[in-house]
Enquirer: 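I have a structure I would like to understand better, so I am pasting it below and will then ask my questions one at a time.
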There are 2 protein chains.
Amino acid sequence: MSREGIQEEESWTISDLAQQLDVSTRTIRYYEELGLIFPSRTEKGSRHYKRKDRARLRLILRGKRFGFSLDQIREMIELFDEDRTGRAQLLRTIEYGNQKLAEIDEKIMELRQLREDILVYKQNFEQKLLEENEEEKR
Amino acid sequence: MSREGIQEEESWTISDLAQQLDVSTRTIRYYEELGLIFPSRTEKGSRHYKRKDRARLRLILRGKRFGFSLDQIREMIELFDEDRTGRAQLLRTIEYGNQKLAEIDEKIMELRQLREDILVYKQNFEQKLLEENEEEKR
DNA sequence: CATCAAGTTGACGTTTACGTAAACGGCAGT
DNA sequence: ACTGCCGTTTACGTAAACGTCAACTTGATG
């Protein structure tokens with residue numbers, strides 16, 4: 001067990017966390033409402049968030065930035081939740097993970113394509129710019 | 001000039017296009033409402049879409065899949081619209097393009113990070129699976 | 001000619017993802 | 001004890017992105 005309990009675990013209030021990750025407190029509470037995150041409470045009822053909670057919130061926000069709905073994210077989180085047990089569950093979760101990885105790889109491909117599209121647009125404009133300069137030389 | 005007008009340009013109805021790109025006709029009309037796409041009309045008022053329109057719609061949908069709002073996409077489309085002229089405008093557009101490319105590169109980075117996170121989760125579960133097998137051996 | 005599918009516009013409804021305000025408690029500083 | 005500030009819950013508001021339905025044309029087909 002080594003030094004369990006000796007190292008004080010850092011913990012933040014909701015507004016601390018909100019500031020760190022640049023979201024509103026409302027948003028964080030809303031995510032809790034949806035079952036995406038479960039901070040512990042002080043005896044007075046105030047939420048406090050530890051490193052693990054922050055990591056989870058980061059994951060949520062990252063997911064959001066790529067068009068995953070909060071519902072999809074919850075689905076994901078539920079499956080990845082630590083306390084699942086049994087070989088069947090584990091296998092399912094791993095399979096789900098593989099699936100998500102594949103989806104992400106696909107997104108990366110698509111993003112590269114989008115990049116390519118934009119690059120072509122831009123080059124088109126650069127070409128026009130060149131032509132305009134040519135005109136000027138006459 | 002070569003063979004202008006000889007090659008018949010293919011054109012689709014709104015439901016054709018909807019089916020091709022797997023969106024509803026309502027969605028397509030909505031995008032038009034927002035000024036994202038401007039199909040030509042038959043003399044009777046029916047929309048018809050050509051290859052360029054389809055490419056544009058593809059771009060819109062692609063953008064959406066990565067969390068760009070329709071407003072951002074419109075902004076983008078307006079700036080990339082062909083009929084801008086003047087060196088200053090061209091320069092601005094090119095600069096905008098560079099900016100968007102940078103944003104996309106950042107998104108790709110983030111997506112890689114998300115991939116990494118999920119991979120770690122998955123490996124965690126794989127580890128658990130191994131431990132369970134160990135237990136069984138006793 | 002009747003009818004039926006597919007097009008149009010317009011209006012209203014719905015879901016998601018929060019914002020915002022009200023009403024309250026706890027605590028620190030003066 | 002009063003003032004702020006931060007926290008809480010509850011509730012209503014709202015913008016974005018469509019879905020859905022009604023009412024109407026138009027074109028094709030039995």
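As a basis for the values below, the full set of heavy atoms in this structure was taken, side chains included, without hydrogen atoms, waters or symmetry mates. Just so it is clear: chains get the letters A, B, ... in the order the sequence lines come, proteins before strands, and each one is counted from 1.
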Enquirer: Would one find a side-chain N or O of B/T25 under 4.0 angstrom from OP1 or OP2 of C/dG7?
Expert: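 For B/T25, the contact criterion (side-chain N or O under 4.0 Å from OP1 or OP2 of C/dG7) is not met.
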
Enquirer: Rounded to whole angstroms, how far apart are CD1 on B/I37 and P on D/dC18?
Expert: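 Going from B/I37 (CD1) to D/dC18 (P), I get 13 Å.
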
Enquirer: Is B/R65 salt-bridged to A/E110, cutoff N-O under 4.0 Å?
Expert: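 A salt bridge is present here (some side-chain N lies under 4.0 Å from a carboxylate O).
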
Enquirer: Considering only side-chain heavy atoms of B/I14, which listed nucleotide, D/dT8, C/dT8, D/dA17, is closest?
Expert: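 Of the candidates, C/dT8 comes closest.
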
Enquirer: Using a strict cut-off of less than 4.0 Å between a Lys/Arg side-chain nitrogen and an Asp/Glu carboxylate oxygen, indicate whether B/E32 and B/R26 qualify as a salt bridge.
Expert: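 B/R26 and B/E32: not salt-bridged.
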
Enquirer: A/F66 ring centre to B/K107 NZ or CZ under 6.0 Å, with the angle to the axis within 45°?
Expert: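 Positive - B/K107 is close enough to the ring of A/F66 and near enough to its axis.
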
Enquirer: From the options C/dA17, C/dG26, C/dT8, select the nucleotide whose nearest atom is closest to the side chain of A/K44.
Expert: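 Among C/dA17, C/dG26, C/dT8, the one nearest the side chain of A/K44 is C/dG26.
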
Enquirer: When you get a sec, tell me which of C/dC12, D/dG7, C/dC18 is the closest nucleotide to the side chain of B/R26?
Expert: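 My answer, after comparing the listed nucleotides, is C/dC12.
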
Enquirer: Take the protein atom NE2 of A/H48 and the nucleotide atom P of D/dT8, then report the distance between them rounded to whole Å.
Expert: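 Interatomic distance, NE2 of A/H48 to P of D/dT8: 12 Å.
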
Enquirer: Using a 4.5 Å cut-off on heavy atoms from C-beta on, say whether the side chain of A/T13 contacts that of A/D16.
Expert: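 Side chain of A/D16 against side chain of A/T13, heavy atoms only: contact under 4.5 Å found.
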
Enquirer: Verify the contact: side-chain N or O of B/Y31 to OP1 or OP2 of D/dC18, cut-off strictly under 4.0 Å; return yes or no.
Expert: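 Indeed, a polar side-chain atom of B/Y31 lies that close.
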
Enquirer: Any side-chain N or O of B/T27 under 4.0 Å from OP1/OP2 of D/dA17?
Expert: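 Answer is no, no contact under 4.0 Å.
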
Enquirer: Any side-chain N or O of B/S24 under 4.0 Å from OP1/OP2 of D/dG19?
Expert: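 Yes, B/S24 has a side-chain N/O under 4.0 Å of OP1/OP2 on D/dG19.
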
Enquirer: Once you round it to whole Å, what is the distance between P of C/dT16 and NZ of B/K64?
Expert: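 In whole Å, C/dT16 P lies 14 Å from B/K64 NZ.
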
Enquirer: Are B/K128 and B/F125 in a cation-pi setup, meaning NZ or CZ lies under 6.0 angstrom from the ring centre and within 45 degrees of the ring axis?
Expert: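 Yes - B/K128 lies over the ring of B/F125, closer than 6.0 Å to its centre and within 45° of its axis.
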
Enquirer: For the base of D/dT8, is there a side-chain donor-acceptor partner from A/R29 under 3.5 Å away?
Expert: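 Looking at the base of D/dT8, it does not pair with any donor or acceptor on the side chain of A/R29 (distance under 3.5 Å).
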
Enquirer: How many whole angstroms separate atom CD of B/Q19 from atom P of C/dA6?
Expert: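 Nearest whole value for this atom pair: 11 Å.
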
Enquirer: Tell me whether the OP1 or OP2 atom of C/dG7 has a side-chain N or O from B/S15 closer than 4.0 Å.
Expert: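 Affirmative; the distance criterion is met.
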
Enquirer: Judged by each residue's nearest nucleotide on DNA chain C, which is more toward the 5′ side, B/Y49 or A/L34?
Expert: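 Mapping each residue to its closest nucleotide by heavy atoms, the 5'-most match is B/Y49.
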
